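Quick notes on the structure that follows.
In what follows, residues are counted from 1 in the order of the sequence shown. Since this is a predicted model, take the numbers as computed values, not measurements.
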Amino acid sequence: METTLQLTIDCADPRRLVEFWAPALGYVPEPAPGGHATWRAYWSAMGVPEEELPEGVGETPESIVDPAGTGPRIWFQQVPELKSVKNRVHLDLKVSGGREVPLATRRERVDHKVALLTDAGASVLRVMAPADMDYYGVVLQDPEGNEFCVA
């Protein structure tokens, strides 16, 4: 039996996180299946009762997919509670090219991606650049406060 991976991120506003994370990861919003105009229309056609579909849910994509088909599907699940503590799992966006690349070049690549992400709504929490290590990374938060790293 095949196992596939879906990453699910709890959030208050799936649309906002789709708009942030799709370009951040090079993903695209996932269209509704079967030629349906929206996910809500798809779920209704499957027989999901209207009372189980809160107002606005499924009217815009709430998931993103890798257009190359290699990365996992990411679903932004709307939940009523707000984020209150640090993530136990987070994403690492590896953009530097690895340790074979000179540190100065890695820093430039990371800083470039960080600038794009902060322009899109992320905020920087801290820079990790220990003086005694050949390492550079930045910890950020997405628009809802979920931590992630760019390294």
message: Please determine whether the number of non-hydrogen atoms from other residues, nucleotides or ligands lying under 6.0 Å from atom CD of E55 exceeds 12.
response: no
Test log, rule side-chain contact (heavy atoms from CB on, under 4.5 Å), inputs L91 and L7: CA-CA 10 Å; L91 302 178; L7 177 63; 3.4 Å; yes
So, for [X] and [Y], which heavy atoms are closest and what is the spacing to 0.1 Å?
X: L17; Y: C11; value: CD1-CB, 3.4 Å
X: R16; Y: P143; value: NH2-O, 3.0 Å
X: P67; Y: G26; value: CD-O, 3.3 Å
X: A24; Y: L93; value: O-CD1, 4.3 Å
X: R40; Y: G56; value: NH1-N, 4.0 Å

Gap between atom [atom2] of [Y] and atom [atom1] of [X] - 0.5 Å precision:
X: N87; Y: Q141; atom1: CG; atom2: CD; result: 8.5 Å
X: D13; Y: F76; atom1: CG; atom2: CZ; result: 11.0 Å
X: R126; Y: L140; atom1: CZ; atom2: CG; result: 10.0 Å

query: Linking Ile, Leu, Val, Met, Phe, Trp and Tyr through side-chain heavy atoms less than 4.5 Å apart, which residues share a cluster with L116?
result: none
- request: For H90, enumerate each residue passing the ring pair (Phe, Tyr, Trp, His ring centres under 6.0 Å) test, keeping only those at least two apart in sequence or located in another chain.
  value: none
task: Decide side-chain contact (heavy atoms from CB on, under 4.5 Å) for V95 and H112; before the verdict, give the C-alpha distance in whole Å, the side-chain angles of both, and the deciding distance to 0.1 Å.
output: CA-CA 10 Å; V95 301; H112 176 73; over 6 Å; no
Show me the pairs that pass side chain to side chain donor-acceptor pair (under 3.5 Å) and involve [range], at least two apart or across chains.
range: residues 65-81; value: Q6-R73, E30-R73, S63-R73, D66-T70
range: residues 127-138; value: R106-D134, D111-Y136
range: residues 93-104; value: none

If the condition is side-chain contact (heavy atoms from CB on, under 4.5 Å), which residues does [X] pass it with, not counting sequence neighbours?
X: P72; answer: L5, Y27
X: E19; answer: R15
X: E52; answer: V48, P49
X: A32; answer: H36, W39

message: Donor-acceptor pair, distance only, cut-off 3.5 Å: does the side chain of E144 make one with the backbone of A12?
response: yes
task: May I have the step-by-step check of side-chain contact (heavy atoms from CB on, under 4.5 Å) for T60 and V18, ending in yes or no?
output: CA-CA 9 Å; T60 60; V18 164; over 6 Å; no
Is [X] linked to [Y] within one hydrophobic cluster, defined over Ile, Leu, Val, Met, Phe, Trp and Tyr using a side-chain heavy-atom separation of less than 4.5 Å?
X: V139; Y: M133; result: yes
X: M46; Y: L53; result: yes
X: V124; Y: F20; result: yes

- request: Please identify each residue that fulfils side-chain hydrogen bond (donor to acceptor under 3.5 Å, both in side chains) with D142, with sequence neighbours left out.
  value: W21, N146
message: With heavy-atom distances below 4.5 Å as the criterion, would you say the side chains of L25 and I74 are in contact?
response: yes
- prompt: Does K83 pair with E147 as a salt bridge, N-O distance under 4.0 Å?
  reply: yes
query: Of all residues at least two apart in sequence or in a different chain, which pass the salt bridge (charged side-chain N to carboxylate O under 4.0 Å, His left out) check with E108?
result: none
task: Under the salt bridge (charged side-chain N to carboxylate O under 4.0 Å, His left out) rule, collect the residues that match up with K113, sequence neighbours excluded.
output: none
message: Run the side-chain contact (heavy atoms from CB on, under 4.5 Å) test on T38 and W43 for me, step by step, so that the C-alpha distance in whole Å, both residues' side-chain angles and the decisive distance to 0.1 Å come before the verdict.
response: CA-CA 9 Å; T38 65; W43 295 326; over 6 Å; no
